[in-house]
Amino acid sequence: PDVAQGRIELEMRSGWDFDDTAKKDGQRADKLVANYGITNRWMMETKFDMAGNSSDFKATTIEWSNRYQLLKDGEGWARLAVQGTYKHALQSGTADVIEAVILASKDTGNFRHTGNFYFANQVGGNAQGGTDFNFGWNSRYRYSPSFQPGVEIYGDLGTIHDPAQTNGPDKFQIGPVAQGELGKFKYDVGYLFGLNEHVPDGRIKAILTCKF
């Protein structure tokens with residue numbers, strides 16, 4: 001949730017999937033991200049998304065986000081921010097998405113716990129009704145600034161307002177991760193195991209961020 005005034009971050013996020021079925025195996029997803037802290041609480045961010053396999057890798061969406069940090073360190077029980085995002089689809093027949101996110105982080109001793117909670121609605125001519133909910137959770141041990149091992153969990157619970165209607169199956173992933181800072185660079189790497197048949201058996205994730 002943290003926002004730093006005047007800081008620019010350029011980021012590359014990548015994921016590679018492995019599965020025993022051809023449809024899921026070899027899939028890749030990339031995000032090119034740039035953000036800027038306009039004030040000590042307000043940050044703007046843009047993302048360019050690409051996905052597919054080696055023979056069909058294509059641009060999928062452009063995103064624009066605004067984040068506002070409600071509580072900074074020492075101002076409440078946890079650091080807290082809210083974020084709004086508009087995702088414009090670049091492929092015909094695909095709906096745009098409006099997304100609202102709650103971001104929270106809490107330190108307990110040498111551990112840091114971070115949760116992101118997403119509520120998304122499709123908009124436009126190809127939209128399907130309902131609000132989708134998904135979340136991400138990270139708990140890590142702050143061994144040193146350059147090395148902080150931990151675990152991450154991701155879940156997509158589908159449409160929440162009507163249990164009989166879903167835009168997609170439930171998806172759950174969990175796995176070990178490590179992150180840290182090396183000068184102006186931050187890294188975040190890990191391996192996520194699929195917990196049900198709706199996600200790949202495994203995914204390698206890698207994020208590299210440069211701060212200015």
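Quick note: numbers below take in every heavy atom, side chains included, and nothing from hydrogens, waters or symmetry partners.
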Report task. In sequence, state the C-alpha distance, the side-chain angles, and the governing distance for Met43 and Arg7, and then conclude on side chain to side chain contact (heavy atoms under 4.5 Å, CB included). Result -> CA-CA 9 Å; Met43 184 185 78; Arg7 186 170 70 191; over 6 Å; no

For the [atom1] atom of [X] and the [atom2] atom of [Y], what is their distance to the nearest 0.5 Å?
| X | Y | atom1 | atom2 | answer |
| --- | --- | --- | --- | --- |
| Asn138 | Ile153 | CG | CD1 | 9.5 Å |
| Lys87 | Ile62 | NZ | CD1 | 13.5 Å |
| His198 | Asp170 | NE2 | CG | 6.5 Å |
| Lys186 | Cys210 | NZ | SG | 10.5 Å |
| Tyr118 | Leu157 | OH | CG | 13.5 Å |
| Phe18 | Phe193 | CZ | CZ | 12.0 Å |

Query raised in the report: More than 12 non-hydrogen atoms from neighbouring residues, nucleotides or ligands closer than 6.0 Å to CH2 on Trp16, yes or no?
Result: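 Result for CH2/Trp16: enclosed.
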
Report task. Count the heavy atoms belonging to other residues, nucleotides or ligands that lie under 6.0 Å from CZ of Phe57, then report whether that count exceeds 12. Result ->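 Yes, the 6.0 Å shell around CZ holds more than 12 heavy atoms from other groups.
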
**Report entry** Validation row, ring centre Phe119 to ring centre Phe117 under 6.0 Å
**Finding:**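 Judged by ring-centre distance (under 6.0 Å), Phe119 and Phe117 do not meet the cut-off.
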
**Report entry** Check against side chain to side chain contact (heavy atoms under 4.5 Å, CB included), Leu80 and Tyr68
**Finding:** CA-CA 9 Å; Leu80 182 67; Tyr68 187 81; over 6 Å; no

Query raised in the report: When you check the gap from the basic side-chain N to the acidic O, do Glu152 and Arg140 get nearer than 4.0 Å?
Result: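 No, Glu152 and Arg140 are not salt-bridged.
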
Query raised in the report: Is it true that Lys24 and Asp201 make a salt bridge, defined as a side-chain N closer than 4.0 Å to a carboxylate O?
Result: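 Salt bridge between Lys24 and Asp201, a charged N being under 4.0 Å from a carboxylate O: no.
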
N/O donor-acceptor pair under 3.5 Å between [X] side chain and [Y] backbone:
| X | Y | result |
| --- | --- | --- |
| Gln83 | Pro1 | no |
| Gln179 | Gln148 | no |
| Arg142 | Gly109 | yes |
| Asn66 | Thr85 | no |
| Lys106 | Trp77 | yes |
| Asn121 | Asp132 | no |
| Arg41 | Gln69 | yes |
| Lys72 | Val3 | yes |
| Tyr141 | Arg112 | no |
| Asp25 | Asp19 | yes |

Would you kindly say whether [X] and [Y] are connected by a side-chain donor-acceptor distance under 3.5 Å?
| X | Y | value |
| --- | --- | --- |
| Tyr86 | Asp96 | yes |
| Ser14 | Asp30 | yes |
| Ser105 | His113 | no |
| Trp137 | Ser139 | yes |

Student check: side-chain heavy atoms of [X] and [Y] closer than 4.5 Å:
| X | Y | result |
| --- | --- | --- |
| Leu182 | Ser146 | yes |
| Pro200 | Gln27 | no |
| Lys58 | Gln91 | yes |
| Tyr154 | Leu192 | yes |
| Met44 | Tyr36 | no |
| Phe212 | Leu10 | yes |
| Glu63 | Asp49 | yes |
| Ile207 | Glu11 | yes |

Query raised in the report: Arg67 and side chain to side chain contact (heavy atoms under 4.5 Å, CB included): which partner among Asn35, Leu103, Val82?
Result: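 So, applying the side chain to side chain contact (heavy atoms under 4.5 Å, CB included) to Arg67 and each of Asn35, Leu103, Val82, only Leu103 qualifies.
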
Query raised in the report: Who passes side chain to side chain donor-acceptor pair (under 3.5 Å) against Glu181, sequence neighbours left out?
Result: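 Applying side chain to side chain donor-acceptor pair (under 3.5 Å) to Glu181 gives Lys211.
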
Requested in this report: Determine, step by step, whether Asp107 and Arg79 satisfy the salt bridge (Lys or Arg N to Asp or Glu O under 4.0 Å) criterion, reporting the C-alpha distance in whole Å, the side-chain angles of both residues, the deciding distance to 0.1 Å, and the verdict.
Outcome: CA-CA 9 Å; Asp107 296 338; Arg79 300 189 302 280; 3.5 Å; yes

Report task. Kindly give the heavy-atom pair with the smallest separation between Leu90 and Ala59, and that separation in Å. Result ->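 Distance-wise, the nearest heavy atoms are CD1-CB, 3.7 Å.
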
**Report entry** Reference residue Asp17; test salt bridge (charged side-chain N to carboxylate O under 4.0 Å, His left out); the match among Arg203, Lys23, Arg28
**Finding:**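 Only one option passes, and that is Arg203.
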
Query raised in the report: Using a side-chain heavy atom cutoff under 4.5 Å and only I, L, V, M, F, W and Y, what cluster partners does Phe185 have?
Result: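 Answer for Phe185: Leu208.
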
Requested in this report: Mind running side chain to side chain contact (heavy atoms under 4.5 Å, CB included) on Arg13 and Val33 for me, showing each step along the way?
Outcome: CA-CA 8 Å; Arg13 307 179 187 177; Val33 185; 3.7 Å; yes

